[in-house]
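Treat the numbers as computed from the prediction; the structure is a model and nothing was measured. Positions are given from 1, in the same order as the sequence printed here. Below, all heavy atoms of this structure are taken into account, side chains as well, without hydrogens, waters or symmetry copies.
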Amino acid sequence: MSESSSHSNQPVKQSTFCGKKISPLTARRLHNFRANKRGYWSMWIFLVLFLVTLFAEFIANDSPLVVRYKGDFYFPIFKVYPETTFGGDFLTEAEYRERDVQDLIEKSGGWILWPPIRFSYETVNFALKEPAPSPPTFENLLGTDDQARDVFARVLYGFRISVLFGIVLTVASTVIGIAAGAVQGYFGGWTDLLFQRFIEIWSGLPRLFLLIILASIIEPNFWILLGLLLLFEWMALEGVVRAEFLRTRNFDYVRAARALGVDNLTIMRRHILPNAMTAALTFLPFVLIGSITALTSLDFLGFGLPPGSPSLGELLAQGKSNLQAPWLGLTAFFVLALMLSLLIFIGEAIRDAFDPRKTLV
């Protein structure tokens, strides 16, 4: 009896993940991912950092979390209250950092619950004892920038914007890149030939110069920058998906489905796309890295997010312009280095997970 037939009589152990049964292939990929300790722990560290920044308003804000005034509770972090609400004279938003507003609340027997950092990304610290940019203190843990804004708060908000921008750009470019590569690889012939010539011309354009020119003509914001970068970023996965569709389109099961009258869209979606996604998923962390660095580069050159927005690239530019304040450049450098290193390690772990040459030990 052969070895394969002897093993076929043995019961197959069903693996579970989060209480759900998973296939042996998925179990092997999860095992390989966890076996890469550097990538596995990098994933958890990155997720914790990202989740923390999602609640940045509760960590660094110039508005209190809760205000107790004359027996009533107020939540300035969610709603704007005029100063007259607390017995003041002005109808404008209450400046809770001002001593006069705090006295009005405390004299009524109330209290104020502040977030850990009493600065938002745009809050100017007018009580600095040194000219801005000022070095780190207990009040400003990472110092202030050249406009007297708290660096820690700007890094916290900037990290969130960079990751969210990268994720949205990665998802959008992945969808377009996979669709373009699938059409090229599946139909081949003149469709593939003409599309490839277009991509060769399009990818040869000076992308950075074009983005700078467009950003100088159109006032940039989050969504405009996203659209401009999407014009070029979709090509990152197009070649991988195209090669997989070219390889798979003549397999027997694909030809059989075509002979049975299954439409092209169904064949592409059900029979070929799952194989192409395996190769595409290994590239996603690196596409995310490219998206984040593209935004950082534009912000560094002054063609990125609107002025005043929390940005790691803008903080790098401040560090270059203020060499006498090394905490600016060093903070931006270490935050970017940590973020990109974690994503690279995660990408390596995902690559190991989908590598068919790696088997369970």
For [X], does the [atom1] atom sit with more than 12 other heavy atoms under 6.0 Å from it, leaving out its own atoms?
X    : atom1 : answer
W111 : CH2   : yes
E57  : CD    : yes
F209 : CZ    : no
R269 : CZ    : yes
F75  : CZ    : yes
Y253 : OH    : yes
W114 : CH2   : yes
E219 : CD    : no

Check for me, please, whether [X] and [Y] land in the same ILVMFWY cluster - side-chain distances under 4.5 Å, paths through other members count.
X    : Y    : result
V183 : L193 : no
L230 : V175 : no
F333 : L298 : no
I45  : L343 : yes
L323 : L316 : no

Looking at [Y], is its backbone amide N or carbonyl O close enough to the side chain of [X] to form a donor-acceptor pair, meaning the two atoms are under 3.5 Å apart?
X    : Y    : answer
T248 : E244 : yes
N140 : S134 : no
N322 : A325 : no
T191 : F187 : no
R154 : Y121 : yes
N61  : S63  : yes
Y157 : A60  : yes
S173 : T170 : yes
S341 : L338 : no
S309 : S311 : no

**OP:** Verify salt bridge (Lys or Arg N to Asp or Glu O under 4.0 Å) between E106 and R68, making sure each step is shown before the conclusion.
**Re:** CA-CA 9 Å; E106 292 171 358; R68 170 88 171 186; over 6 Å; no
In Å and rounded to the nearest 0.5 Å, what is the [atom1] to [atom2] distance from [X] to [Y]?
X    : Y    : atom1 : atom2 : value
F86  : I112 : CZ    : CD1   : 8.0 Å
M339 : I344 : CE    : CD1   : 12.0 Å
L336 : T331 : CG    : OG1   : 11.0 Å
L273 : F245 : CG    : CZ    : 5.0 Å
Y96  : E83  : OH    : CD    : 9.5 Å
T266 : H271 : OG1   : NE2   : 7.5 Å

Does some side-chain heavy atom of [Y] sit less than 4.5 Å from a side-chain heavy atom of [X]?
X    : Y    : result
R249 : R255 : no
E93  : P82  : no
F152 : I117 : yes
R258 : I267 : yes
I161 : L312 : no

Any donor-acceptor pair under 3.5 Å linking the side-chain atoms of [Y] with those of [X]?
X    : Y    : result
T296 : D299 : no
E98  : Q102 : no
D352 : N36  : yes

Subject >> Aromatic ring pairing W234/F198, orientation class (parallel under 30°, perpendicular over 60°, tilted between) >> reply: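 If you compare the ring of W234 with that of F198, the planes turn out parallel.
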Subject >> Verdict with reasoning, W327 to L142, per side chain to side chain contact (heavy atoms under 4.5 Å, CB included) >> reply: CA-CA 7 Å; W327 56 88; L142 295 177; 6.0 Å; no
Shortest non-hydrogen separation from [X] to [Y] and the atoms involved:
X    : Y    : result
F46  : V163 : CZ-CG1, 3.9 Å
P136 : L141 : CB-O, 3.2 Å
P115 : P64  : CD-CA, 4.2 Å
P133 : L328 : CB-CD1, 4.1 Å
L225 : F303 : CD2-O, 3.8 Å
L164 : F50  : CD2-CZ, 3.6 Å

Under a 4.0 Å N-O cut-off, is there an ion pair linking [X] with [Y]?
X    : Y    : result
R118 : E139 : no
E348 : R38  : yes
R99  : D103 : yes

Original post:
Between F232 and W202, does the ring centre distance come in under 6.0 Å?
Top reply: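 Centroid distance F232-W202: below 6.0 Å, so yes.
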Subject >> From CA spacing to verdict: side chain to side chain contact (heavy atoms under 4.5 Å, CB included), F73, V67 >> reply: CA-CA 6 Å; F73 289 97; V67 173; over 6 Å; no
**OP:** Give the intermediate values and the outcome of side chain to side chain contact (heavy atoms under 4.5 Å, CB included) for residues T293 and L340.
**Re:** CA-CA 9 Å; T293 53; L340 299 181; 3.7 Å; yes
Subject >> With sequence neighbours excluded, residues passing side chain to side chain donor-acceptor pair (under 3.5 Å) with T123 >> reply: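 By the side chain to side chain donor-acceptor pair (under 3.5 Å) rule, T123 matches D62.
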